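What follows is a short report on a single structure.
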Amino acid sequence: MERNRGQDPSTGRLRPARSFSPVFIETAGWLLRCTAEPAPGQFRPLPGLRAPDACLSPGVPSFPKFHVTQWAGTGYHGPPEVIVRDSQPIRSLVVVGGQWGDEGKGKVVDLLAGGFEAVVRYNGGHNAGHTVKFADQHFALHLVPSGIVHEGARCYMGASMVVDPGALVREIEGLEAKGVHVDGRLTLSPRATLILPTHQAMDRARERARGGESIGTTGRGIGPAYQDLAQRRALRAHLLTEPERLADEGRRLMKAHNRELEALHGAEPEDLDAACALLEGAARRLAPLVGDVGGPLEAHLDRGDHVLFEGAQGIMLDLFHGTYPYVTSSSCLPGAAAVSCGISPRELGPVLGVMKAYVTRVGGGPFPTELEDAAGDALRKRGNEFGTTTGRPRRCGWFDGVAARFAVRTAGLDAVALMKLDVLDELEEIRVAVAYELPGGERLEAPPADASVLENVHPVFETLPGWMRSTRAVTRENDLPEAARSYIGFLERLLGVPVVLVSTGPRREETLFMGSGPVADRVRSAAGSAAGSGP
C-alpha cells in the first residue's frame, strides 16, 4: 500500500491517507481497528493472540503491512480490541525530554539526525542547551537544531520558538568557525518571536523581585518574549528582512519595556540606540535564513523524506502540564511540533522520550526525589551535571517513576532513550520512586497539579542492587552487567514502554541499542545512517 493513498469505501475513489478515518472490522470474535484501508477479508486473527508483536493473517500475502501495536477491552464483556497500523517505514520521529530537561536530547538527536533529511526545533529559545560530542569535536548548541552538524540534514526553526537575533548570529559564527556550514541549510520561520535586549533586562529584574521565590529562569528573556506574544505586541522574525523597520518597531516596544523597568523594578533602562544597532546588524546577517517552514516540511514528507522533530526542555517543564509555575514558557509536548511548524498532527510519527537513569533539574520548584547530600554531590560530579547554557549546578536525585509515567501518558511516548547509565556504575544500591505519599498517608500515582502539594509529598521508593562494574562505552546489551539489565527491565515495566537506546558515555559511539519493533528498528537504522556523517 502506498504511503499517501487509501480508498474511500463510500465513493471507491483513492484519497490521501492523511484524511483516512480508522475503520473497524469485527471477525471471529475480534474487533480490528486499522489505520490503513484493508481489503475485504484481509484479516483472520490468530486464536490466543496476546503479544503486541504478533502478526495477523499469515495466510494473506499482504499481511506484513499490518502490525499489532496495542490491545484493550472493547467493553465490560466485549471481545478484546486489537489495534493495528500500517507498518510502512516511519517517516518522522519526535524526540522530547521526559523529565525536567537536560536529559541528553542533544546526543540522541545528533545520533539520529544523519538518518533524516530534515531536522526541526519547534519550541523554546536559547534557554535550552544541547551538547554534542563527536571524536575531538564539541558543540554547545542553544538555538540551531542539533542536526546542523550532519552535512546532509536540512534544519528548520519553528514558529513557536523565541529567538534572540544576536545569540543566533553568535551561534552560527561559532559553528562556521568549526567548519559547519549553515547558509542554505537552516531556515527560520518568519512567525518566530524575537527576543529584544529589554526582554532580558525584564527577566532578570523580575527574578530579583521574587527573591526567595524565584523560578530560576536563565535570564535570557524567554518569558517576557512569550508574554509579548500573548499580548499580541511581539516582533516576529519576518522583520529581520527589513532592518530599518525592525529598528523602528523595536524602539517603540523597548520604550514600553524601559518604562516597566524603571517604574516597577527601579532598574536602569536599556540603551535603545545600542539595542537598535545590534538588532539591525543581526538582521542583515539573518535575513537570508528567514523562510516558510510548513510548506518545505510538507514537501519533504510528500517526496518520502524522513523528518526529525526536536523538542527543548522536558515534559515536566511544559507550560500546561509541568510543575507550574516552575516551568518554561512554552509547550514541550510533541503535539506542539505540529502547531509550531504549521503542519497536520497526522504527520508526526512515534515519540521517543529521553530520560536519564536518574533525574536532574535546574532552578526552583518541587523535586520529590532530590538528593541533598553526598550522594547527590557524587551524581553531580560523576555526571558532570552543570548547565550547558548557564553553567549552573543541577539538582540531582533518584529516578522519579511517578513523573516519568506521567510523561509517558501526557506526551504519548512510544519508547525511551535511557541516558547516562554509566553514572550509576559505582553505586551499591539504586532507588526508584514508584509512588508519592501525602503527609496524611494518601498514595498518589501521578504528580498533583498544585506545586505546593508536590513540595510536600514523600516518595515511595523501591531499592534495586547496583552493579559495581563499569558500563562506560558498552555497546552490546549482553555485555552489560546483569544488575544493569535488571534495572533497565524494571524501568520498562514501571513505565510501560520499551527502552530502545541506552547511553553509556557522552560520545555518539558510546551507545547501545535494544529491542525490536518499528521504533527500535527506526532508531537503530537512523543511528547507522548517522555514523560518520558528522564534521
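Quick caveat: nothing in here was measured; it's all calculated off a predicted structure. Below, each value reflects all heavy atoms present in this structure, side chains not excepted, and no hydrogens, waters or symmetry copies.
Looking at every heavy atom in both residues, L413 comes nearest to A407 through CG-O, 3.8 Å. When all heavy atoms of V94 and P334 are compared, the pair lying nearest together is CG1-CB, 3.7 Å. Here the closest non-hydrogen pair linking L495 and A404 is CD2-CB, 3.4 Å. Taking each heavy atom of D164 and L143 in turn, the nearest pair found is O-CD1, 4.2 Å. Minimum heavy-atom separation, R220 to D203: N-OD2, 3.4 Å. Here the closest heavy-atom approach between residue G147 and residue A113 is recorded as CA-CB, 3.7 Å.
The main-chain N or O of T504 is never found under 3.5 Å from a side-chain atom of E510 such that the two would form a donor-acceptor pair. Y122 contributes no side-chain N or O that, together with a main-chain N or O of A312, makes up a donor-acceptor pair within less than 3.5 Å. Under a 3.5 Å cut-off, the side chain of R507 and the backbone N or O of T511 do not form any donor-acceptor pair. Judged by distance alone, the side chain of R232 and the main-chain N or O of A234 form no donor-acceptor pair under 3.5 Å. At distances below 3.5 Å, not a single donor-acceptor pair connects side-chain atoms of E347 with backbone N or O atoms of L301. In this structure, K356 contributes its side chain and D102 its backbone to a donor-acceptor pair below 3.5 Å. Using a distance-only test at 3.5 Å, with no hydrogens or angles considered, a donor-acceptor pair links the side chain of E171 to the main chain of H142. Judged by distance alone, the side chain of S525 and the main-chain N or O of D521 form a donor-acceptor pair under 3.5 Å. Listed for the D318 side chain is a donor-acceptor partner under 3.5 Å among the backbone atoms of C332.
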Mind running side-chain contact (heavy atoms from CB on, under 4.5 Å) on E509 and T475 for me, showing each step along the way?
CA-CA 8 Å; E509 46 278 29; T475 58; over 6 Å; no
With side-chain contact (heavy atoms from CB on, under 4.5 Å) as the test, would you mind laying out the steps for W100 and V359 before giving the verdict?
CA-CA 8 Å; W100 279 275; V359 184; 3.5 Å; yes
Take L289 and L240, measure what side-chain contact (heavy atoms from CB on, under 4.5 Å) needs, and give me the verdict at the end.
CA-CA 9 Å; L289 307 182; L240 293 170; over 6 Å; no
Please evaluate residues T328 and Y226 with respect to the criterion side-chain contact (heavy atoms from CB on, under 4.5 Å), reporting the C-alpha separation (whole Å), side-chain torsions for both, the decisive distance (0.1 Å), and the verdict.
CA-CA 10 Å; T328 192; Y226 276 118; 5.8 Å; no
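Residues meeting the ring-ring contact (aromatic ring centres under 6.0 Å, His included) test with H321, sequence neighbours left out: none. With sequence neighbours left out, F399 forms a ring-ring contact (aromatic ring centres under 6.0 Å, His included) with no residue at all. Listed by chain and residue number, R245 satisfy the side chain to side chain donor-acceptor pair (under 3.5 Å) test with E242 (two or more places apart in sequence, or in another chain). The side chain to side chain donor-acceptor pair (under 3.5 Å) search around D228 returns H199, R233, H257, not counting sequence neighbours.
Listed by first then second residue, pairs satisfying salt bridge (Lys or Arg N to Asp or Glu O under 4.0 Å) with a partner in residues 401-413 read R405-E445, not counting sequence neighbours.
Between atom CD of residue E103 and atom CE of residue M419 there is a gap of 9.5 Å, rounded to the nearest 0.5 Å. The distance from atom CG of L317 to atom OH of Y326, rounded to the nearest 0.5 Å, is 13.0 Å.
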Throw together a table of side-chain donor-acceptor distances under 3.5 angstrom for residues 182-189, partners on residues two or more places apart or in other chains.
residue, atom, partner, partner atom, Å
D183, OD1, R285, NH1, 3.2
D183, OD1, R285, NH2, 3.3
R185, NE, A153, O, 3.4
R185, NH1, I148, O, 2.9
R185, NH1, H181, O, 2.7
R185, NH2, I148, O, 2.9
R185, NH2, H150, O, 2.5
R185, NH2, A153, O, 3.1
T187, OG1, R154, NH1, 3.1
T187, OG1, R154, NH2, 3.0
S189, OG, R191, N, 3.1

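Each of V119, V307, V293 was checked for a side-chain contact (heavy atoms from CB on, under 4.5 Å) with Y156, and the lone residue meeting it is V293.
For the pair R522 and F116, the cation-pi criterion (under 6.0 Å, within 45° of the ring axis) is fulfilled.
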